[in-house]
Amino acid sequence: MTSQAELLRQSLCATFCKDMAVVERADSIAVSLPIVGRDGDCVTAYVTAATAGWRISDKGATLMRLSYENDLGRLLAGARERLFTTILQESGLQEDDGEIFIEVPSDGLSMGLFALGQGVTRIEGLDLWTRSRIESSFSDDLKSILVEAVGKDKVVEGYQVPGLANAEDYPIDFYVRTPQAPLYVFGVSSKDKARLATIILQHLASHQHRFDSMIVYADVDDIPKADAKRLMIAANDAVPSINERQGIIAKIAHRMAA
């Protein structure tokens with residue numbers, strides 16, 4: 001009788017190559033994919049039968065490898081957590097208690113294997129995302145929301161207030177042209193950025209500059225409470241997370257209609 005592993009091997013070889021390693025285990029079939037991880041080894045997918053198809057899993061290996069050199073609680077927080085979620089969604093993957101997996105129909109085996117392989121290799125690179133890259137990505141996301149809200153011609157990035165003393169030292173992340181007072185929007189993804197935004201807002205206020213301000217946090221829970229409190233006092237409005245896209249747009253639309 002042909003084993004399940006042999007049937008799977010035949011299916012794989014029809015699509016991929018004859019020397020792909022397929023090993024039958026007690027609870028699954030291990031498939032060595034032609035995709036190399038950061039450690040130099042091929043990514044292994046574990047295949048089990050599922051309702052009308054296959055369940056393809058990494059059996060927790062990806063996050064376990066990341067945990068060797070990182071505190072996962074800190075690594076998968078804030079902007080990296082959002083990136084992790086985005087990778088899962090784009091790859092069609094799910095995560096449950098550290099296990100990354102995908103379920104596919106019986107004729108979707110090859111697609112599922114490569115989706116898992118490509119997804120886990122992207123996730124392995126999360127610890128390579130430096131703070132500057134994360135902040136750059138956050139700034140790009142915020143700009144796209146502002147442009148969606150008011151149009152490209154009403155958004156100025158890196159704005160310097162004309163006539164303000166030492167204006168080059170107090171740049172505005174985004175100036176949004178409104179019918180009333182100018183709206184200055186600051187993206188805050190770190191403690192340092194929260195403190196800088198507070199200083200800029202206080203400097204503007206001390207020079208009797210007329211303006212409205214909005215703070216958009218990457219995630220307010222990532223900011224120390226004392227820093228977030230000072231910034232909330234200095235700003236007119238704040239959005240606790242950039243994920244609140246429609247909330248940001250609604251707040252800006254309210255000012256545009258004033």
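Position 1 is the first residue of the sequence, and the numbers go up from there.
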> Say you draw a straight line from CZ of R65 to OG1 of T62; how long is it, rounded to the nearest 0.5 Å?
Replying inline: 5.0 Å

> So, for T44 and A30, which heavy atoms are closest and what is the spacing to 0.1 Å?
Replying inline: CG2-CB, 4.0 Å

> What pair of heavy atoms forms the shortest contact from V147 to K152, and how long is it?
Replying inline: CG1-N, 3.8 Å

> So which pairs with a foot in residues 94-106 pass side-chain hydrogen bond (donor to acceptor under 3.5 Å, both in side chains), sequence neighbours left out?
Replying inline: R55-E99, R55-E103, S57-E99

> How far apart are the closest heavy atoms of Y217 and A228, and which atoms are they?
Replying inline: OH-O, 3.7 Å

>> Less than 4.5 Å apart, side chain to side chain, heavy atoms only: is that true for Y46 and I56?
In response: no

> Transitively linked via ILVMFWY side-chain contacts under 4.5 Å: V216 with Y184?
Replying inline: no

> Would a hydrophobic clustering, with Ile, Leu, Val, Met, Phe, Trp and Tyr connected at side-chain separations under 4.5 Å, put V176 with Y170?
Replying inline: no

> CD1 of I123 to CG of L93: how many Å apart, nearest 0.5 Å?
Replying inline: 6.5 Å

>> Using modelled atom types and a 3.5 Å cut-off, is there a donor and acceptor pairing between side-chain atoms of H203 and backbone atoms of A165?
In response: yes

> So which heavy atom on L33 is nearest to which on A45, and how close?
Replying inline: CD1-CB, 4.1 Å

>> Looking at S206, is its backbone amide N or carbonyl O close enough to the side chain of Q208 to form a donor-acceptor pair, meaning the two atoms are under 3.5 Å apart?
In response: yes

> What distance do I252 atom CD1 and K154 atom NZ have between them, rounded to the nearest 0.5 Å?
Replying inline: 12.5 Å

> Checking N236 side chain against S213 main chain: does a donor-acceptor pair fall under 3.5 Å?
Replying inline: yes

>> For a 4.5 angstrom cut-off between non-hydrogen side-chain atoms, does Q118 reach S91?
In response: no

> Taking the six-membered ring for Trp, are F211 and H209 parallel (under 30°), tilted (30 to 60°) or perpendicular (over 60°)?
Replying inline: parallel

> Would you say I242 and V150 are hydrophobically clustered, going by side-chain heavy atoms of ILVMFWY under 4.5 Å?
Replying inline: yes

> Strictly by modelled atom types, are S241 and D219 linked by a side-chain donor-acceptor pair under 3.5 Å?
Replying inline: no

>> Quick check for you: to the nearest 0.5 Å, what is the distance between K251 atom NZ and L183 atom CG?
In response: 11.5 Å

>> Measuring from atom CE of M64 to atom CG of L72, what distance do you get when rounded to the nearest 0.5 angstrom?
In response: 11.0 Å

> So, for K191 and D227, which heavy atoms are closest and what is the spacing to 0.1 Å?
Replying inline: CG-OD2, 3.4 Å

> Any side-chain heavy atom of R255 within less than 4.5 Å of one from P179?
Replying inline: no

> Which atoms form the tightest heavy-atom contact between G187 and D173, and what is the distance?
Replying inline: N-OD2, 2.9 Å

>> Tell me whether R82 contacts the main-chain N or O of A218 through its side chain, where contact means a donor paired with an acceptor under 3.5 Å.
In response: yes

> Any side-chain heavy atom of L76 sitting closer than 4.5 Å to one from L63?
Replying inline: yes

> If you measure from CD1 on I215 to OG1 on T198, what distance do you get to the nearest 0.5 Å?
Replying inline: 7.0 Å

> Do you reckon F101 sits in the same ILVMFWY cluster as L113, going by side-chain contacts under 4.5 Å, direct or chained?
Replying inline: no

>> I want to check something: taking the side chain as every heavy atom from C-beta on, are P224 and K229 in contact at a cut-off of under 4.5 Å?
In response: no

> Near K59 NZ, under 6.0 Å, is it more than 12 heavy atoms from other residues, nucleotides or ligands?
Replying inline: yes

>> When you compare the side chain of L164 with that of H207, does any pair of heavy atoms fall below 4.5 Å?
In response: yes

>> Tell me whether R177 contacts the main-chain N or O of D153 through its side chain, where contact means a donor paired with an acceptor under 3.5 Å.
In response: yes

> Taking only residues two or more places apart in sequence, or in another chain, which ones meet D169 in a side chain to side chain contact (heavy atoms under 4.5 Å, CB included)?
Replying inline: N166

> Does I100 belong to the same Ile/Leu/Val/Met/Phe/Trp/Tyr cluster as M111, with side-chain heavy atoms less than 4.5 Å apart forming each link?
Replying inline: yes

